[in-house]
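These numbers come from the heavy atoms of this one structure, side chains and all, not from hydrogens, waters or symmetry mates. Residue numbers begin at 1 in each chain, while the letters A, B, ... track the order of the sequences. This is a predicted model, so every value here is computed, not measured.
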Amino acid sequence: MQKPSLPKGTRDFGPVQMARRNFILNTIKDTFQLFGYQQIETPAMENLSTLTGKYGDEGDQLLFKILNSGDFLKKVNSDDIASGAAVTLPKVAEKGLRYDLTVPFARYVVMNRNELTFPFKRFQIQPVWRADRPQKGRYREFYQCDADVVGTESLVCEAEIVLMIRDVFTKLGLSSYDIKVNNRKILTGISEAIGESGKEGPLCVAIDKLDKIGWQKVKEELGERGFASQSVDKLEPLVQLETDLKGKIAFLKDFLATSEVGLKGVSELEEMLDILDQMGANLEHVDFDIMLARGLSYYTGAIFEVKVKGVSIGSVSGGGRYDNLTGVFGLSGVSGVGFSFGVDRLYDVLEELDLFPEESLKGTTLLLTHFDQKGFRYALNVLTQFRNAGIKAEIYPDVVKAKKQFDFANKKGIPFVGICGDNEIATETLALKNLETGNQENLKVEEVISLLKGN
RNA sequence: GUGAUUGUAGCUCAGCUGGUUAGAGCGCUGGUUUGUGGCACCAGAGGUCGCCGGUUCGAACCCGGUCUUUCACCCCA
């Protein structure tokens, strides 16, 4: 028999990991609800036609396809196979695993447009799958925590995204991070201003790597992507720009003077900042990064990305506004904005920074131990009393020697042991031992209950 | 998808230029202690050296393939 194993890029989560994941998940969930978002779930698999073409060619390649059930070859003939995978694929696979939560959400909105009350604010916490090569902080199955609003163009949503990110990070104990903000319209404006209008796509992809590979390499890449060198030179002052928020905005108003879209982008950004101000919020952690691009092709307005400083993990959260995502499913004129937390990456970050609180691991409070059948039966009765009082309690289920039962409590991190022996049975008490201090005293069951209630 | 890299006990890792029976620490099981855990001491179990094939008198070690890990590119949470 061969050893069992997991598919590449997937993981099991044991009790300790789940306790920690739930700490993150619950924090995010609480925040989403605090801001008025409602939870939904969608199926793990979607029709392939729902998924393909939404993430670019690159994304299509990373989709997991599900082989049709039964005789999956029945529609395929030898010509199809000779024509290659692109022709054969749609005939053998009609479904795929979701790649993100935004596209299934767009599908959901279109299908339920008559039932939903707009603006519709929903959150969704589910795994997604990408056939990527795994790396640190990069898995083939991972969870996303999305919050999106559709049916309004109000920039209040953008402002609230900033607030939610800060809320979650504060609760998680993260204090050193940047919420990078930009606007696709600004990037579009830049491509117009440098005389390469319509090329913001490739511009974004190249520019996004600026802090990673440096300006020289970005220049080369832009050249390879067909940008004229005088256009690339016009970018230089932007790249070299070192000033504060106000300075950047002033500079852009001048730089983008000829671009209507570009100016719109700047004013959207200003309005978002103004709304934050009105809400009494400061701009802590907010970093207007003109060079922030993000690859996803459907963004049209604000874009966000969050990076924790001083860790080896990439971005832990990202998002943006998309004007017409539902358009591809036949419902146009619905603007949406949303963002996503990557739980798995947040987990890695918190672990790297050693920020998981002890309490997130707390399980059973009390283990009842016994020496013989008589004590075991007494413990069964006492156990129920503890559980009825809301105290997390368990009994060692076999009659074995005391050492084994104490070892069990130790390893499971159970802080108290209630010993049930002949003396205790006779006096209707428990010998309550605190495993941390080693102190032990005989107490009535009710006394133990009131003592442990606080735990 | 491209180019590297990793794999030996449950875990972390030794294992010389290919040479008898593959080791250590931790963990695990049992005992010293049949009403008391952590500490100590003693004993023990546990490995098709990722998998398949090849070279060789002989392979954990060399070669090929494959899977897995990690990393860079691409892209991204």
Among [options], find the nucleotide with the atom closest to the side chain of [X].
X	options	answer
A/Lys209	B/rU36, B/rC75, B/rU69	B/rC75
A/Lys401	B/rC74, B/rG31, B/rG35	B/rG31
A/Lys411	B/rA72, B/rA77, B/rU29	B/rU29
A/Lys136	B/rC71, B/rC75, B/rU70	B/rC71
A/Arg345	B/rU36, B/rG38, B/rA77	B/rA77
A/Glu424	B/rG35, B/rA77, B/rC74	B/rG35
A/Ala431	B/rG35, B/rC71, B/rC28	B/rG35
A/Lys404	B/rG30, B/rC76, B/rC75	B/rG30
A/Gln440	B/rG3, B/rU36, B/rG35	B/rU36

* Examine B/rU36: is either OP1 or OP2 under 4.0 Å from a nitrogen or oxygen in the side chain of A/Gln405? Give yes or no. =>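 Answer no for this pair, as no side-chain N or O of A/Gln405 is under 4.0 Å from OP1 or OP2.
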
* Asked: Taking only side-chain nitrogens and oxygens of A/Lys8, does any of them come within less than 4.0 Å of OP1 or OP2 of B/rU68?
  ->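 Yes.
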
Does [X] have its ring centroid less than 6.0 Å away from the ring centroid of [Y]?
X	Y	value
A/Tyr37	A/Phe123	no
A/Tyr177	A/His285	yes
A/Phe304	A/Phe339	no
A/Phe356	A/Tyr347	yes

* Using purine N1 to pyrimidine N3 plus N6-O4 or O6-N4 for Watson-Crick, or N1-O2 and O6-N3 for G-U wobble, both under 3.5 Å, which nucleotide pairs with B/rA40? ->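 Its partner is B/rU32.
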
Distance, rounded to the nearest Å, where [X] contributes [atom1] and [N] contributes [atom2]:
X	N	atom1	atom2	answer
A/Arg130	B/rC74	CZ	C1'	14 Å
A/Asp146	B/rA77	CG	P	10 Å
A/Asp407	B/rG27	CG	P	12 Å
A/Lys217	B/rC74	NZ	P	10 Å
A/Ile419	B/rU36	CD1	P	9 Å

* To do: Name the residue closer to the 5' end of RNA chain B, choosing between A/Thr10 and A/Gly59 according to the nucleotide with the nearest heavy atom.
  =>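 Residue closer to the 5' terminus by nearest nucleotide: A/Thr10.
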
* Kindly indicate whether the side chain of A/Arg133 and the base of B/rU2 share any N or O donor-acceptor pair separated by less than 3.5 Å? =>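 For A/Arg133, whose side chain was compared with the base of B/rU2, there is a donor-acceptor pair (under 3.5 Å).
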
* Asked: So, A/Phe142 and B/rA77: ring centres less than 5.5 Å apart, planes less than 30° off, yes or no?
  ->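 Stacked: ring centres under 5.5 Å, planes under 30°.
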
* How would you label the contact of A/Glu141 with the nucleic acid (heavy atoms, under 4.0 Å): base, sugar-phosphate, or nothing? ->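 Nothing, no nucleic acid heavy atom in range.
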
